[in-house]
Amino acid sequence: MNDSDDDYLEVDEGIEENDLSFDKKGVARRTRKENQKQKTTANIALKGSNGGYSWEDEYHRSWDIVQEDEAGSLEGIVTGIMEAHKKRFLKNVTPFQRGIIRSMVLVIDFSKVMSEKDLRPNRAALTISNAIEFVNNFFDQNPISQLGIVLMRNGIATLVSEVSGNPNNHVEALRSIRRLEPTGDPSLQNAFEMARGLLLHTPSHSTREILMIFGALFTSDPGDIHTTIDSLVKEKIRVKIIGLTAQVAICKEICRRTNYGDDTLYAVILNEGHFKDLLLDAVTPLAISKSAQVEMRGFTLIKAGFPTRISEAIPSFCACHSKLIHGGYICPGCKSKVCMLPTVCPCCNLMLILSTHLARSYHHLFPLKLFQEVPLAESYISTNCFSCLTEFPQGMSESERSNSDNRAKKEFHTSSRYQCPDCNKHFCVDCDVFVHDVLHNCPGCGC
Amino acid sequence: MSNVSGAASHKKKNGMLTVLEDQEPSILQWSAIDPSVAVPLVKIRLDFITSLRATNPNSNQMMIKVLYKDSSGADEKTALFSFTNRSVMDNIQRTLQQVVARKKASSSTPGATTTKDTDAASSAATPSSQVNSTDKEDLSTFLDSDKLLKDHKLQQKLLVDNKTLMITFKEAVMSNGLDPEEFWKTRLHLLRSYAVQQAQKRGPYNVLSTIKPVASSDNKVNVTVTREKIQSIFEQYPIVRKAYDENVPRLNEGEFWSRFFSSRLFRQLRGEPTSSYDRADVVLDKYLYMDPNADEHTTKESIEHINPLIDVQSNEQDNSVKLGNAPDVTMKVNNDNRISGIMKNMNRLSRRMLANIKDENQDKTPEVEQLEEQLDLRDLEDDVELEYNELKLQNSKLVQNKANRIDDRISGDYTESIKTSQRQFHEPFNLTDIYNPTTQRQAIFDVAKEISQIVKQNTKQYSQGWQAANLNFQDSKTSTINDVGPESLNISTDELEELRLTHMTSIEFLRHFWSHLGSGSKDKQDLLTLKKLHASVSKCISRVEAVVDKFQDSNSKQTVHAIMQPLVISLNKALAEYQKASSAMLEYQERVHKSRTQTPV
């Protein structure tokens, strides 16, 4: 077993902790306490529903998952799906300093290997539809950020869309490459050099990031990739790579070196759902590490304008695209009219945003605390969800619990109530998910 | 590799039939075994053979009939050979079939079978290090803004590729005298991404593995090779170049390649196992056993010496006490030569590919650091615990207190409160006070009209906001379909395009004006440019006025005026800002002047 291969994890029960032991080949191996613990948790993540690894699992068709219970109701299934959905939010909610004005280049592998059909319908098609979803999520949660898209194809990198803050541009561009055939070899170096060039003119207050979806296990580069890595490190460009096949050493090194020694940004997908989750992780801005903080000298104030909205009976040209538009927004600096927000004023280069854009980015800095499930009890203080006023199931008394007929009932297993740790209000699972997924504000704390 | 030969009788005389391919010209020769018999040698040039005929494999007779033309090319002759051994006959038959097929393919359809570029191959044959000596354009050049600004060729190329940019450039720079450097300064990112796209180079790859023979419908094997591929084959496999150099004047070009792609040498170089059952090739098979390393000393590199201390792999393999040579397949006594041969081959190829990569700047990290890096055993290190910068919100306590103050009344008594409010709806409302047809009719009508107007306008603006998002950065020509068309405004398309052009140019000047005004530079040169730009902005206003004045009809004049209104406002704003800045500047200069005159006292 090779330790550098994180994808394949195995726990040998027989090995004592903190001990040197020998395996069959007689090679000494070190195990450590925390490593063991980590591996065990990682192992659970790898296990499917029936306790085996996901590749040992039977193939589930989507219509097999939905099955009625004895009474012919789907409620139990739906609740189960929601509960599973909720698990996604069980992430770290400690407030960290993050760069919420981001500039990111999304690099997509479009080499020959992407026509493999291990993901349905094939890798390229799934990657593109996931990328479209990612672009929408990215701009929804980071409205004042910028994105560019690059393809690795035929040994070179090709630009799909320039770095800009307009999600529709990118989605259009991604749609247009759907018909493209994946060919040739990928080149990490070419892709990184192009991304570097694209990110060079970003202002100093913005982060510089590269997100790569890499399907191949090799790269065909015209030069030494290590010099490219060196310059990425020097220019503080942070790289996150999502592998589709297996772990590749150079990818791990790139992620480690560009993220101040943290190689957790390199991940290989386990299944299609995991692919989506990994992309979703990239929507949250990266936290700034303490070591990076030392290098920054103080903080910069960013000039931004809040434009006024006008409406016109007769359309007039917008300054950004010279198109006839009804109404628009007037830049407070130079009084020119732009059609879309957020943007940078085409005349005076002032950043134009709405306060709601700031608010939408802000929740990354102070994530809403997780709601805790209320433990089972005979009676509860709340009867309805605080938010949507849905009625909660009643508690079960001791005598009812002992009746085996009640075992199938929902209230036997869960209280169905989730409590905000700050305002102590109770919410149903739908509201809990909605509050954490969309609102990012607790209705109870807010009023 | 010996020539194909076998016992065969010709004209009832026993003899040996041999295919002599390593001769020029290659021939099929039959000679009698008994030298005393006075039967002349039969020599048929292989390239004169037109067709073959053989007896049925199941029949008792084993004969091959060779049809060939005389050297004069006049009439067709035949030669009949009979065999006593089926396998001998098959062997010779196969070889001859191959020869005939090859000849047919190269003579009748030279392009289709092997897409070979004579010109390419011959230029490749002359040993050139062309690929290695191409101008080393370092990627870092493109990151240097000054160099980009000076690269006029690149700018021209970009203009040709980007039509919208071309229009703006023509209008602003060529017609209205904007400094081209100014123009490009605000578009550096476009230049840069274009430059990076243009200057990319492909990395080397194993060429032979990409060449896939395709069987065509008429049972021929087709191979498509481009000029570049042949170049790379020569570069990566010097042995092929050697074979090519030694054989090609003699063999014809197409024949060489078609031989090569079906040879064992090709299979071996590709890393496929070769077996003795594969078709033999007299010309190329001798290169199979040549020392492929012979050329290695000519290339610059030799295997880098790895410090034995850190050479983990060697140390592991060299653990003679524990394992001996057992784990290494290549180190066994009676080891199959073919496997290790393939492995060596692949390693050699990788080495050569790496050697062909130009090392652009070698002195990146000092050697000592590199060595230290090598000494690190990453797997044994503890995981790096990254500490992130935690944020502390000071008024978070306040928020909490406030939240805690709210009691549970709302949620607790929900059923109660909903019942009270429901009860309220049972009593009817009296609305007669609100609508009085005699006194308020007009007012109500006006308000309703105003509201519907606002709603209409806002819907328009809203729906179009989505559309506008979709049509950004498309060609201005095609986008007219999507944004508000000229028909609805009673303006012709040409007129609208003219307005658009004026607008674009004005915005271009405004952009440069603001970037100079915002810089706050007090440098004389900069102030001069600013002054020039100010003049251009004023000119823009008059240009806009001129365009609007062209419209005679007062109705459309009004429309055009509205269309250009935001632009006029922003132009005026720019002029006002300039006034403000210049008067502030004057004041400042006066103060400086005063303080200078006062100090001597």
Side-chain angles (χ1 to χ4, degrees), chain A residues 3-4 26 94-97 155-157 159 166 168-169 185 187 190 193-194 197-198 200-201 220-224 227 230 260-262 287-290 293 311 313-317 319 321-327 334-337 339-340 346-348 365-366 382 384 386 389 422-423 445, chain B residues 139 142-143 188-189 192-193 196-197 200-205 322 357-361 364 379-380 384 386-391 393 399-400 403 406 411 414 457-458 460-461 464 468-470 472-473 479 483-484 500 503-504 507 510-511 514-515 518 559 562-563 565-567 569-570 573-574:
Chain A
D3 207 343
S4 66
T94 338
F96 288 124
Q97 188 189 353
I156 53 169
L159 188 67
N166 186 342
N168 298 296
N169 260 343
D185 298 330
S187 167
N190 277 333
E193 288 293 349
M194 175 170 279
L198 291 174
L200 198 79
H201 74 284
S220 168
D221 292 337
D224 184 0
T227 55
D230 284 338
Y260 308 95
D262 181 7
I288 293 170
S289 71
K290 283 200 168 144
Q293 175 67 33
S311 64
I314 300 170
S316 62
F317 286 121
H321 314 103
S322 292
K323 301 243 162 69
L324 283 179
I325 301 288
H326 285 281
C334 65
K335 303 279 179 230
S336 45
K337 188 183 104 166
C339 57
M340 293 276 296
C347 292
C348 61
L365 301 179
F366 296 100
S382 57
N384 300 80
F386 179 79
L389 302 173
D422 284 343
C423 65
C445 300
Chain B
L139 272 168
F142 308 119
L143 308 178
L188 264 179
H189 62 283
R192 188 172 298 125
S193 66
V196 174
Q197 280 178 72
Q200 281 186 87
K201 282 170 285 183
R202 280 194 178 82
Y205 56 96
K322 217 164 51 188
I357 289 174
K358 290 153 267 175
D359 215 347
E360 273 155 7
N361 19 9
K364 271 288 167 191
D379 284 354
L380 294 182
V384 192
L386 254 198
E387 280 187 61
Y388 291 107
N389 235 6
E390 209 171 308
L391 289 174
L393 193 63
V399 175
Q400 265 181 34
I406 299 169
S411 61
Y414 162 70
Q457 219 175 78
N458 275 297
K460 228 186 239 170
Q461 186 171 347
Q464 175 212 38
N470 287 333
N472 290 345
F473 299 109
S479 64
D483 65 357
V484 180
R500 198 192 299 275
H503 181 265
M504 268 161 74
I507 294 289
L510 273 178
R511 174 194 298 208
W514 283 106
S515 79
T559 317
I563 287 176
Q565 192 54 29
L567 177 65
I569 294 175
S570 55
K573 168 79 180 170

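A quick note: this is a predicted structure, and the numbers were derived from the prediction, not measured.
- Using a 4.5 Å heavy-atom threshold, the side chains of M194(A) and S193(B) count as separate.
- By the 4.5 Å heavy-atom criterion applied to side chains, I563(B) and F317(A) are counted as neighbours.
- L198(A) touches chain B through its side chain: at least one heavy atom from C-beta onward sits under 4.5 Å away, while N, CA, C and O do not.
- A donor-acceptor pair shorter than 3.5 Å cannot be found between the side chains of K337(A) and S570(B).
- Using a 4.5 Å cut-off on side-chain heavy atoms (C-beta onward), D221(A) and N190(A) make no contact.
- Contacts between L567(B) and chain A at a heavy-atom distance below 4.5 Å are absent for every atom of the residue.
- Residue contact with chain A, scored on non-hydrogen atoms closer than 4.5 Å, is absent for Q565(B).
- For S187(A), no part lies under 4.5 angstrom from a heavy atom of chain B.
- Contacts with chain B were tallied for S336(A), C347(A), C348(A); C347(A) has the most, counting heavy-atom pairs under 4.5 Å.
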Applying side-chain contact (heavy atoms from CB on, under 4.5 Å), run through L188(B) and H201(A) and close with a yes or a no. CA-CA 8 Å; L188(B) 264 179; H201(A) 74 284; over 6 Å; no
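- Residue A574(B) does not touch chain A at all, counting heavy-atom pairs closer than 4.5 Å.
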